[in-house]
Colleague: 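Mind having a look at this structure? Questions to follow.
Note that ligands are numbered from 1 as they come in the structure, with each ligand's atoms numbered from 1 the same way.
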Amino acid sequence: MRINANCKINIGLDVLRRRADGYHDLSTVMMPVVGLYDVVEVVPIEGEENEFHSLGLVVDCPADQNLCIKAARLMQQRYGVGAVSITLDKRVPFGAGLGGGSSDATAVLVAMNDIFSLALDEQTLIDLASELGSDTAFFVRNTPQLCEGRGEIMTPVELNLGGKWLVLVKPDEGVSTREAYAGVKPAEPALSLTERLAKPIEEWQNSVKNDFEPSVFAAHPVIADVKQQLIDAGALYASMSGSGSTVFGLFAEKEKAQQFLSVTPFIYQL
Ligand code: C5P
């Protein structure tokens, strides 16, 4: 079975507080970007040992630590299913805040649910995905969601971005999730993210923020420059996605978005 495991962007990301378990409570809206995806192929094989093959972008991670293999092992342990061979064609930049690895892992869960006819319901898949990471649960639904808690408590949201042009720019410098959380200063906003997002997009720039930006921009001025370029080029809204380093811009006009064709291939109409 083949799945196009698409990535996501975060529109607003409030880091509310640090928790006793070391994680942080978040409030963020995640939106799928269906045009940019890894291709994950999962086929059942004989024996108990899973196989992992990778193509495309080179992932700097030993195969047995890849989240895809962890997802396969989780399904084997939980449901006693057989082994699989996973081929990952990696196209989504990593260290990017786009959730590529999380999406791949969820794709393996969904594929194995189908291949082994487990008939697991959505909530069970969400619970399994949450065991593998914090962004993974989102990809079970893969529609715009307000994500709270560690990221796994989801409520569907309407965004009304249809027709807008999305430009994703991934600077050469990556940011690790660990680095981003180390620099963040948690704070509770006066108005909820949902309330701020309900205002016209033209008002978002001053109110819909990504709390990772201040420390990440201080350490990587190049990323801040990209955001400023998107704003200067006429973006209605620009922000870093997740823990970075990808920055995205939302444009009303195709021509303005396409000014970035020399900088990035990742330009999509929503
Ligand atoms: O869950 P995931 O593997 O994506 O998270 C990587 C790291 O990011 C965690 O070990 C934790 O330090 C941090 N994190 C956090 N709060 C979250 C999500 C992640 O502190 N809500």
Colleague: If I take atom NZ from residue Lys227 and atom CZ from residue Phe217, how far apart are they, to the nearest 0.5 angstrom?
Modeller: 5.0 Å
Colleague: Do Pro156 and Pro144 make a side-chain contact, defined as non-hydrogen atoms from C-beta onward lying under 4.5 Å apart?
Modeller: no
Colleague: Output side-chain donor-acceptor pairs under 3.5 Å for residues 94-104, partner residues at least two apart or in another chain, one line each.
Modeller:
unit_1	atom_1	unit_2	atom_2	d
Ser103	OG	Asn6	O	2.6
Asp104	OD2	Lys90	NZ	3.0

Colleague: Throw together a table of side-chain donor-acceptor distances under 3.5 angstrom for residues 251-261, partners on residues two or more places apart or in other chains.
Modeller:
unit_1	atom_1	unit_2	atom_2	d
Gln259	NE2	Ala233	O	3.4
Gln259	NE2	Lys256	O	2.9

Colleague: Are side-chain N/O atoms of Asp121 and Thr124 paired as donor and acceptor at under 3.5 Å?
Modeller: yes
Colleague: Can you give me every donor-acceptor pair (side chain of residues 191-200, partner residue at least two apart or in another chain, under 3.5 Å) with its distance?
Modeller:
unit_1	atom_1	unit_2	atom_2	d
Ser192	OG	Glu195	N	3.2
Ser192	OG	Glu195	OE1	3.0
Glu195	OE1	Ser192	N	2.8
Arg196	NE	Leu191	O	2.9
Arg196	NE	Ser192	O	3.3
Arg196	NH1	Ser207	O	2.9
Arg196	NH2	Asp14	OD2	2.6
Arg196	NH2	Leu191	O	3.1

Colleague: Check each protein residue for a heavy atom under 4.0 Å from ligand 1 and list those that pass, ordered by chain and number.
Modeller: Gly22, Tyr23, His24, Leu26, Gly133, Ser134, Arg150, Thr177, Tyr181
